[in-house]
Amino acid sequence: DGGITQSPKYLFRKEGQNVTLSCEQNLNHDAMYWYRQDPGQGLRLIYYSQIVNDFQKGDIAEGYSVSREKKESFPLTVTSAQKNPTAFYLCASGTPIYGYTFGSGTRLTVV
Amino acid sequence: EDKVVQSPLSLVVHEGDTVTLNCSYEVTNFRSLLWYKQEKKAPTFLFMLTSSGIEKKSGRLSSILDKKELSSILNITATQTGDSAIYLCAVYNNAGNMLTFGGGTRLMVKP
């Protein structure tokens, strides 16, 4: 089945620790996106990548980093510089003209 | 900077009621507007609207775009508890090749 897989579903981070969220797709999409969602709110764009080995900052990139070494994979690292990382993180792929396909999300909590 | 605003922020209704959700936008080079439903995890696609005045319908849900007013509405008739979700509006502009999301409307349908 084609789709997007995010892992883990739940992640706990200690203060000062970097964590990496995984996003893998087998839809052969060029473009991939990372969004952050705070409780009861909409989606804010963190980073996006239109093609392998290239990515751009979104609206709230500070404290996050990404890589795009393979078409299928777009991992997001939440660094210790992100002061308020507790949120729901969604990965998406596709082209806006057809609508995105979303993963099922990772819920990150700082402990 | 592209902007998408949804109203109301939240809404509580009883089963059988009809609701109207609003989305307004300020986007350069508008291409399309999309509606998504988000229950627990991944948003699921509802409608894509590109032409003004043409209603799209799926069961009890319908949506229409007004390019003159830079807005769209999503109607849900005879609401059911299963309609409880966050409804997200997003717009696509040609230049950015990405979706910009609004803050969402949280709908709760009580039995």
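In what follows, chains are A, B, ... by sequence order, proteins preceding strands, each numbered from 1.
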Should we say atom CZ of B/Arg106 is surrounded by more than 12 heavy atoms from elsewhere, each under 6.0 Å from it?
-> no
Please check if B/Trp35 and B/Tyr25 belong to a single hydrophobic cluster, counting links between Ile, Leu, Val, Met, Phe, Trp and Tyr side chain heavy atoms closer than 4.5 Å.
-> yes
Do B/Leu88 and B/Ile64 belong to the same hydrophobic cluster, where Ile, Leu, Val, Met, Phe, Trp and Tyr are linked whenever their side-chain heavy atoms lie under 4.5 Å apart, directly or via other members?
-> no
Flag side-chain contact, heavy atom, 4.5 Å: A/Tyr100 against B/Tyr36 = yes
Check the angle between the aromatic planes of A/Phe102 and B/Phe101 and answer parallel, tilted or perpendicular using the 30° and 60° thresholds.
-> perpendicular
More than 12 heavy atoms of other groups within 6.0 Å of B/Lys3 NZ | no
Has A/Glu62 got more than 12 heavy atoms of other residues, nucleotides or ligands less than 6.0 Å from its CD?
-> no
Supply the atom-to-atom distance A/Leu45 CG to B/Asp2 CG, rounded to the nearest 0.5 angstrom.
-> 11.5 Å
Working to the nearest 0.5 Å, report the span between CG of B/Leu99 and OH of A/Tyr33.
-> 7.0 Å
Please answer: with hydrophobic residues joined when any side-chain heavy atoms are less than 4.5 Å apart, are B/Leu107 and B/Leu61 in the same cluster?
-> yes
What part of A/Gln6 gets closer than 4.5 Å to chain B, counting heavy atoms only: side chain, backbone, both or neither?
-> neither
Quick one: which of B/Ser10, B/Pro43, B/Ala90, B/Ala42 has the most heavy-atom pairs under 4.5 Å with chain A, could you say?
-> B/Pro43
Check whether any side-chain heavy atom of B/Ile86 lies under 4.5 Å from a side-chain heavy atom of A/Gln37, and answer yes or no.
-> yes
Do A/Leu90 and B/Gln38 touch side chain to side chain, with heavy atoms closer than 4.5 Å?
-> yes
Interface moiety of A/Leu43 toward chain B, non-hydrogen atoms closer than 4.5 Å | both
Chain B: which of A/Gly105, A/Cys91, A/Ser104, A/Ala92 shares the most heavy-atom pairs with it under 4.5 Å?
-> A/Ser104
Determine whether A/Leu11 and A/Val78 fall in the same hydrophobic cluster, where Ile, Leu, Val, Met, Phe, Trp and Tyr are linked whenever their side-chain heavy atoms lie under 4.5 Å apart.
-> yes
